[in-house]
Each structure stands twice: as C-alpha cells, then as structure tokens.
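As the structure is a prediction and not an experimental result, all values here were calculated from the model.
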Amino acid sequence: LDRHHEIVKWRTRKVRELFLYLWFHQKRPLLNSVIMEELWPETELEKAGANLHTTIYQLRKILKENGSENPIELVNNHYQLNVEINSDYEDLMQLLEREHHDDQSIQHLLNYYEGDFLAEEEYPWAIQMQLRLKQSVLHLLEMYVTNTTEINPLLKLNCLQKMLEL
C-alpha cells in the first residue's frame, strides 16, 4: 500500500519484482551484476544493464511519489533499498526468531503464514527463501505440538492441519 493506503500501481512487472528483490535483501547492498543476473538471466549484459537502469529509475520515481527522499542508494555499483516498510513478512520473521511460544504467538504464526512467500509471483530468486521459511514454520509447529503439555485442542488441530498442508 502507498502512503494514501491504496495499492501501489507498478509501471511494469519488472519494477515490482525489482522492488521486492531489493526489499527482501534490504539489509545488504547488492552488486548491480548480481541483480541483472537474477532478474534478467537470459539477457545479454549490455541490455540487462539498460533494463536495470530503466527499472531503477521507474522504481525511484514511484518511491519518491510516496514520500521517500533517497529510496535507492547506489554506492560502488551496489544498490540498496533505503525505505522503511512494515510487512507481515517482518512480523512472521520475528515470531520465528522467538525462543518461547504460547498459544497466542502460535495462532499469530498460523495467521501470518498462509502460504509460500511470493508464491503467486514465481520468482526463481525467491525459491530458496520459500523453502527455508516453510521448513522453519513446520519445525516450529512440530516442536510446539510435540513439547507443549497444555495446548488448546482447537489450536493443536489447526497446527496439525497446517503441518499437513505444508
């Protein structure tokens, strides 16, 4: 959602993909050639570079329209997203990193993890993350159901159903 709480209208699918790619890797700068290889793997280097520059320009424009001053930094051929974004993904990751869980945190986990991360987009670069996330959720649910003596029967059933789905 944009700053007006409306769905962002992406100029192209690649602009959206680049945004998601940079957002997912926002903790570290990404070398431009790595981005080109991930987003335009079948394209010759010069054309991939032109595609990247055009897509970065379009993405910067959208992010600036939504209030970001310097949304994408470029330092030594490395791009990095410089935008604060709240997401269910971040909430899910915080839940997975917790040491202790109760019925409420497990219910939150079930609510947040509805399916594979970016599954509807079918981005090749997201496959490893999808698998890691799915395994983490499965492991946490299995540990909770196995090791918790006082568990709400309905929650236990929901956990087992989610485990079967996964």
Side-chain angles (χ1 to χ4, degrees), residues 1-99 108-143 162-166:
L1 300 178
D2 65 13
R3 65 182 175 167
H4 304 295
H5 302 287
E6 295 177 11
I7 294 176
V8 174
K9 292 173 182 68
W10 302 103
R11 185 169 163 94
T12 66
R13 289 181 45 82
K14 277 298 181 192
V15 173
R16 181 170 195 251
E17 183 179 3
L18 178 63
F19 168 74
L20 290 167
Y21 186 78
L22 292 173
W23 168 73
F24 176 70
H25 294 94
Q26 66 185 333
K27 304 286 188 252
R28 65 181 196 273
L30 297 164
L31 186 61
N32 59 0
S33 60
V34 171
I35 299 170
M36 290 185 290
E37 182 60 36
E38 290 285 3
L39 273 63
W40 294 277
E42 305 296 321
T43 308
E44 68 138 84
L45 190 62
E46 193 172 312
K47 179 137 175 69
N51 289 346
L52 176 62
H53 290 293
T54 300
T55 308
I56 287 281
Y57 170 80
Q58 293 170 351
L59 180 56
R60 271 192 179 121
K61 186 175 176 186
I62 289 170
L63 294 173
K64 282 181 179 181
E65 287 169 0
N66 283 289
S68 297
E69 283 297 313
N70 184 22
I72 301 170
E73 293 180 349
L74 173 62
V75 178
N76 297 328
N77 294 322
H78 287 73
Y79 287 99
Q80 186 168 10
L81 191 64
N82 188 27
V83 178
E84 195 67 34
I85 298 169
N86 298 322
S87 71
D88 290 351
Y89 173 79
E90 297 294 331
D91 295 338
L92 176 62
M93 293 309 290
Q94 288 177 2
L95 279 170
L96 289 171
E97 291 168 4
R98 282 178 63 168
E99 286 188 35
H108 285 312
L109 178 75
L110 292 171
N111 293 344
Y112 285 132
Y113 192 80
E114 295 177 359
D116 286 340
F117 175 69
L118 298 177
E120 67 281 358
E121 300 300 335
E122 299 179 358
Y123 299 139
W125 55 264
I127 293 171
Q128 282 302 107
M129 183 56 208
Q130 290 169 345
L131 295 173
R132 274 198 313 271
L133 202 52
K134 182 186 289 191
Q135 291 294 30
S136 296
V137 170
L138 256 174
H139 178 72
L140 179 58
L141 292 176
E142 182 179 347
M143 296 306 293
K162 179 60 81 175
M163 290 166 66
L164 281 172
E165 279 177 38
L166 300 178

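- Within the 4.5 Å cutoff, the side chain of Q80 has no heavy atoms near those of the V75 side chain.
- Taking the side chain as every heavy atom from C-beta outward, I62 and F19 never approach each other to under 4.5 Å.
- Side chains of L39 and L52 form no contact here, defined as non-hydrogen atoms less than 4.5 Å apart.
- Between L141 and L110 there is a side-chain heavy-atom pair separated by less than 4.5 Å.
- If you take OH on Y123 and CG on L20, they are separated by 5.0 Å, rounding to the nearest 0.5 Å.
- In summary, the side chains of D116 and Y113 do present a donor paired with an acceptor at a separation below 3.5 Å, with no hydrogens or angles considered.
- Atom OG of S136 sits about 9.5 Å away from atom CD of E97, to the nearest 0.5 Å.
- In this structure the side chain of P71 never reaches within 4.5 angstrom of the side chain of N82, judged on heavy atoms.
- The two residues E73 and N70 have their closest heavy-atom pair at CG-ND2, 3.5 Å.
- The neighbour count for N76 CG, taken as heavy atoms of other residues, nucleotides or ligands under 6.0 Å away, does not exceed 12.
- The distance from atom CG of N32 to atom NE2 of H78, rounded to the nearest 0.5 Å, is 8.0 Å.
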_Chi angles and distances behind the side chain to side chain contact (heavy atoms under 4.5 Å, CB included) call for E121, R13_ = CA-CA 10 Å; E121 300 300 335; R13 289 181 45 82; 3.9 Å; yes
*List the steps and the verdict of side chain to side chain contact (heavy atoms under 4.5 Å, CB included) for Y21 and V34.*
CA-CA 11 Å; Y21 186 78; V34 171; 3.8 Å; yes
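- R60 places none of its side-chain heavy atoms less than 4.5 Å from the side chain of T55.
- Considering CE of M93 and CG of D91, their distance stands at 11.5 Å, rounded to 0.5 Å.
- For E69, the CD atom counts as loosely surrounded, since its 6.0 Å shell holds 12 or fewer non-hydrogen atoms of other residues, nucleotides or ligands.
- We find the CD-CG distance between E37 and L31 to be 11.5 Å, quoted to the nearest 0.5 Å.
- Not counting sequence neighbours, the partners of N51 by the side chain to side chain contact (heavy atoms under 4.5 Å, CB included) test are W40, T43, K47.
- Atom OG1 in T54 sits 9.5 Å away from atom CZ in R11 (nearest 0.5 Å).
- Considering all non-hydrogen atoms of both residues, L166 and K134 come closest at O-CD, 3.9 Å.
- For the pair L109 and L96, the minimum side-chain heavy-atom distance is below 4.5 Å.
- For the residue pair E17 and W125, a side-chain donor N or O sits within less than 3.5 Å of a side-chain acceptor on the partner.
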*Where do Y89 and W23 land on the side chain to side chain contact (heavy atoms under 4.5 Å, CB included) test, with the steps shown first?*
CA-CA 11 Å; Y89 173 79; W23 168 73; 3.6 Å; yes
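- Between L81 and L63, some side-chain heavy-atom pair lies under the 4.5 Å cut-off.
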_Would R132 and Q135 count as a side chain to side chain contact (heavy atoms under 4.5 Å, CB included) here? Give the steps._
CA-CA 5 Å; R132 274 198 313 271; Q135 291 294 30; 5.9 Å; no
